[in-house]
A.B. asks: 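Just passing along the structure, written as structure tokens.
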2 protein chains.
Amino acid sequence: MGNYLKYDSEYPEENIYESECPVIYALSIVGQKWKLPIMWYLFKNECTRYNDLKRQVKGITNMMLTKSLKELEEHGLIYRKQYEVIPPKVEYSLTERGKALLPTLDALYYWGKDQIEIDKLKNKNYDI
Amino acid sequence: MGNYLKYDSEYPEENIYESECPVIYALSIVGQKWKLPIMWYLFKNECTRYNDLKRQVKGITNMMLTKSLKELEEHGLIYRKQYEVIPPKVEYSLTERGKALLPTLDALYYWGKDQIEIDKLKNKNYDI
DNA sequence: CTGCATCCACATCGATACTG
DNA sequence: CAGTATCGATGTGGATGCAG
């Protein structure tokens, strides 16, 4: 306990974006719009094909799905299994490291849920 | 345990960005570039003035600091205390709700730290 | 079926200068 | 001291069409 956002940098004067804060780094990996939804569906369905994901992650385009999957794979959060058949068949699944992120998101989930309630009570509607 | 990224929507067919996923919502509040660093410094120094923050959060501009502080205050994560003196004096501090987020970030911290190690071992340098 | 390429809209962020 | 205002750069996400 009690470490929180401690930065490892030995140079306290530098911009933290030039050091390597693990929290910032984590968010740079999964903080974009579609990464978490994709991981969420892969958590529910251990093994999912490209078009299944596209159907389940409502509103995502081919471009963003492809891009997100590729980046998640490069960071070792998901596993891509390609079958050499025609027509092509590709299955995606979470790696252990990908699954390891979910409990943390669980905590974020409950915090966010409280926030939503609070903001509703305050009648804050952000419709410009 | 075990709820993870469960969405509350009663309409499973809709785009999740039209429902209210608490995780997405949480990231919309603290996911931007400077919010977490600011909160981190407010956690270390219970009460901090505007220009102190500007000095400590290396690289931030007046505009981004002002904007971030205002949004954090609107969401009830920080408290703004203004003294009616000349020259102006304003102190910022974390609210209980703001502090409640830190343990979650702690978990993200350790996950991100492991990720950094893994990426280093893979010799992945993203310098185009 | 599983993507990639192109072009474009929009939001975020930064640099600089200025104010009560 | 504690901000605002303006403009411009950059990046992220979207629409559409095409390819292996």
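Naming convention: chains lettered A, B, ... in sequence-line order (proteins, then strands); numbering from 1 in each chain.
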A.B. asks: Would you please name every residue forming a salt bridge (charged side-chain N to carboxylate O under 4.0 Å, His left out) with B:K81, sequence neighbours left out?
C.D. replies: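 If we apply the salt bridge (charged side-chain N to carboxylate O under 4.0 Å, His left out) test to B:K81, skipping adjacent residues, there are no hits.
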A.B. asks: Give the first and the last nucleotide of DNA chain C, reading 5' to 3', that has any atom under 4.0 Å from a heavy atom of chain A.
C.D. replies: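 Nucleotide range in contact with chain A: C:dC1 to C:dT6.
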A.B. asks: Among residues at least two apart in sequence or on other chains, which ones pass ring-ring contact (aromatic ring centres under 6.0 Å, His included) with A:W34?
C.D. replies: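 A:W34: ring-ring contact (aromatic ring centres under 6.0 Å, His included) contacts with B:Y17.
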A.B. asks: Classify the nucleic acid contact of A:Y83 as base, sugar-phosphate or nothing, counting any heavy atom under 4.0 Å across all strands shown.
C.D. replies: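 If one applies the 4.0 Å heavy-atom cut-off, A:Y83 turns out to touch nothing in the nucleic acid.
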A.B. asks: Salt bridge (charged side-chain N to carboxylate O under 4.0 Å, His left out) with B:E117: which residues, sequence neighbours excluded?
C.D. replies: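 With sequence neighbours excluded, B:E117 shows a salt bridge (charged side-chain N to carboxylate O under 4.0 Å, His left out) to no residue whatsoever.
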A.B. asks: List the residues meeting side chain to side chain contact (heavy atoms under 4.5 Å, CB included) with A:R55, not counting sequence neighbours, and say none if there are none.
C.D. replies: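 Once residues adjacent in sequence are excluded, the partners of A:R55 under the side chain to side chain contact (heavy atoms under 4.5 Å, CB included) criterion are A:N51, A:D52.
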A.B. asks: By nearest heavy atom, map B:K70 and B:R55 onto DNA chain D; which one lands nearer the 5' end?
C.D. replies: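 Whichever sits nearer the 5' end wins; that is B:R55.
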A.B. asks: Suppose we screen for side-chain hydrogen bond (donor to acceptor under 3.5 Å, both in side chains). Which residues come up paired with A:Q32, at least two apart in sequence or across chains?
C.D. replies: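 Partners of A:Q32 under the side-chain hydrogen bond (donor to acceptor under 3.5 Å, both in side chains) test: A:K35.
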A.B. asks: Quantify the bending of the helix from C:dC1-D:dG20 to C:dG20-D:dC1 as the angle between its end axes, each fitted on five pairs, to 10°.
C.D. replies: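 The angle separating the two end axes equals 50°.
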A.B. asks: Mind checking side chain to side chain contact (heavy atoms under 4.5 Å, CB included) for A:S28 and listing every partner two or more places apart, or none if nothing turns up?
C.D. replies: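 Expected list: A:Y25.
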A.B. asks: Please give, in whole Å, the distance from D:dT12 P to B:L27 CG?
C.D. replies: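 So the CG-P distance, B:L27 to D:dT12, works out to 15 Å.
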A.B. asks: Rounded off to whole Å, could you give me the CD1-to-C1' distance for the B:I38 and D:dG3 pair?
C.D. replies: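 In whole Å, D:dG3 C1' lies 14 Å from B:I38 CD1.
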A.B. asks: For the pair made of NZ in B:K89 and P in D:dA2, what is the distance, rounded to whole Å?
C.D. replies: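 Spelled out: NZ on B:K89 to P on D:dA2 is 9 Å.
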A.B. asks: Taking A:T95 for its side chain and A:L77 for its backbone only, find out whether a donor-acceptor pair lies under 3.5 Å.
C.D. replies: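 A pair under 3.5 Å: yes.
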A.B. asks: Of all residues at least two apart in sequence or in a different chain, which pass the side chain to side chain contact (heavy atoms under 4.5 Å, CB included) check with B:K44?
C.D. replies: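 Side chain to side chain contact (heavy atoms under 4.5 Å, CB included) list for B:K44, sorted by chain: B:W40, B:Y41.
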A.B. asks: Write down the distance between CD1 (B:I78) and P (D:dA2), rounded to a whole number of angstrom.
C.D. replies: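 One finds 13 Å between P of D:dA2 and CD1 of B:I78, rounded.
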A.B. asks: Taking side-chain hydrogen bond (donor to acceptor under 3.5 Å, both in side chains) as the definition, give me every residue that meets it alongside A:Y92, ordered by chain and number, with sequence neighbours left out.
C.D. replies: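 Testing A:Y92 for side-chain hydrogen bond (donor to acceptor under 3.5 Å, both in side chains), a comparison that skips the adjacent residues, returns A:R80.
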A.B. asks: Mind checking what makes side chain to side chain contact (heavy atoms under 4.5 Å, CB included) contact with B:E96, not counting sequence neighbours?
C.D. replies: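 B:E96 satisfies side chain to side chain contact (heavy atoms under 4.5 Å, CB included) with B:K99 once adjacent residues are dropped.
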A.B. asks: Heavy atoms under 4.0 Å is the rule here; annotate nucleotides 13-20 of chain D 5' to 3' with B where the base is hit, S where only the sugar-phosphate is, and - elsewhere.
C.D. replies: SBB----B
A.B. asks: Could you check whether A:K70 pairs with A:E74 (Lys NZ or Arg NE/NH1/NH2 to Asp/Glu carboxylate O, under 4.0 Å)?
C.D. replies: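 Here A:K70 does not pair with A:E74 in a salt bridge, since their nearest N and O are not under 4.0 Å apart.
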A.B. asks: Do any side-chain nitrogens or oxygens of B:Y50 fall under 4.0 Å of OP1 or OP2 in D:dT4?
C.D. replies: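 It does not, given that no N or O in the side chain of B:Y50 lies less than 4.0 Å from OP1 or OP2 of D:dT4.
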A.B. asks: Can you tell me the distance, in whole Å, between the CD1 atom of B:I86 and the C1' atom of D:dC1?
C.D. replies: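 Taking CD1 of B:I86 and C1' of D:dC1, I get 11 Å after rounding.
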